[in-house]
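Single-structure report; data block below.
Quick caveat: nothing in here was measured; it's all calculated off a predicted structure.
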Amino acid sequence: MMRSILEWWRGGTAAVEPASLRDAQRLAQLHGASFAQGWGESEFETMLSERNTLVHRLRVGRKTIGFAVSRIGADEAEILSVAVDPSHRGRGLSRTLLMTHLGHLAGRGVRTIFLEVEENNQPARRLYDRGGFVVVGRRERYYKQPNGEQLNALLMRRDLS
């Protein structure tokens, strides 16, 4: 009884599921709220229709509050983006999203996963560290901010095999 009340109070249980073309607008909104250079709805529509791209949405109740996108090539994948609505951060939902997404990549035969993360993005770095990723490289001044500032990227890797 108490658990169902708590879930109701939090807005429902979290679910990670494949995203569809219907989600493109919401995913673009979430990306824009999370990154300086947001992707548009048409970019999500393209990714959602590509066979080598895996897109999951994170739902709480009926509301999509996050997503993960990866591109697959042979037995490798690159995580292109992970985002959770700012009002839902700090609850461990991004970890649930990431780990479920990694499980689906493994199910598709992916053995190695790469990603790039902005060096100063501590919440994202903690997520990836806890998710088993290790830093394997660095790209100087890789990310350009709207104010012209250039930030370094870390290249991270995780083996699934």
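Side-chain contact, Ser70 with His101: a donor N or O sits under 3.5 Å from an acceptor N or O. A side-chain donor from one of Arg89 and Ser34 sits under 3.5 Å from a side-chain acceptor of the other.
Looking at every heavy atom in both residues, Ile113 comes nearest to Leu160 through CD1-CD1, 3.5 Å. Across all their heavy atoms, Arg125 and Glu118 have their closest contact at CD-O, 4.1 Å. When all heavy atoms of Val117 and Ala124 are compared, the pair lying nearest together is CG2-CB, 3.7 Å. When all heavy atoms are compared, the tightest approach of Met156 to Tyr128 is SD-CB, 3.9 Å. Contact between Phe35 and Ser81 at its shortest, heavy atoms only, is CE1-OG, 3.4 Å. Closest of all the heavy-atom pairs between Leu27 and Gly66 is CD2-O, 4.4 Å.
Taken to the nearest 0.5 Å, the CG atom of Asn152 stands 7.5 Å off from the CG atom of Asn120. With rounding to the nearest 0.5 angstrom, the CZ atom of Arg108 is 9.0 Å from the CG atom of Asn52. Leu102 CG to His56 NE2: the interatomic distance, rounded to the nearest 0.5 Å, is 10.5 Å. In this structure, Glu78 CD and Thr112 OG1 are separated by 13.0 Å, a value rounded to the nearest 0.5 Å. Taking CE of Met47 as the reference point, atom CG of Leu21 lies at 11.5 Å (rounded to 0.5 Å). Atoms CZ and CZ, on Phe67 and Arg26 in that order, are 10.0 Å from each other to the nearest 0.5 Å.
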- prompt: When you look at His104 and Val110, which way does the side-chain contact (heavy atoms from CB on, under 4.5 Å) test go after all the steps?
  reply: CA-CA 9 Å; His104 283 272; Val110 171; over 6 Å; no
- request: Just do the side-chain contact (heavy atoms from CB on, under 4.5 Å) check on Gln122 and Arg126 with the steps written out, would you?
  value: CA-CA 6 Å; Gln122 293 305 319; Arg126 267 193 308 278; 3.8 Å; yes
- prompt: Would Arg57 and Val55 satisfy side-chain contact (heavy atoms from CB on, under 4.5 Å), going step by step from the backbone distance to the final call?
  reply: CA-CA 7 Å; Arg57 68 181 182 184; Val55 185; over 6 Å; no
message: Evaluate Ile79 against Leu98 for side-chain contact (heavy atoms from CB on, under 4.5 Å), listing each step before the verdict.
response: CA-CA 10 Å; Ile79 294 178; Leu98 177 66; 3.8 Å; yes
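Side-chain heavy atoms closer than 4.5 Å link hydrophobic residues (I, L, V, M, F, W, Y) into clusters, and following such links, possibly through other members, connects Leu155 to Val134. Leu80 and Ile72 are members of different hydrophobic clusters when ILVMFWY side chains are connected at heavy-atom separations under 4.5 Å. Cluster annotation: Phe133 is connected to Leu97 through the hydrophobic network of ILVMFWY side chains, with a link wherever side-chain heavy atoms come within less than 4.5 Å. Neither Val82 nor Leu48 shares a network with the other; the hydrophobic side chains, linked directly or stepwise wherever heavy atoms of I, L, V, M, F, W or Y lie under 4.5 Å apart, form separate groups for each. Linking ILVMFWY residues whenever their side-chain heavy atoms come closer than 4.5 Å, directly or via other members, leaves Val69 and Leu54 in distinct clusters.
Side-chain atoms of Arg158 come within 3.5 Å of backbone atoms of Gly131 as a donor-acceptor pair (strictly under, hydrogens ignored). Between the side chain of Thr53 and the backbone N or O of Ser49, no donor-acceptor pair lies under 3.5 Å. His31 places a side-chain N or O within donor-acceptor distance of the main-chain N or O of Trp39, the cut-off being under 3.5 Å. Side-chain N or O atoms of Glu43 include one that pairs as donor or acceptor with a backbone N or O of Gly40 at under 3.5 Å.
Annotation: side chain of Leu127 is in contact with side chain of Arg95 (closest heavy-atom distance under 4.5 Å).
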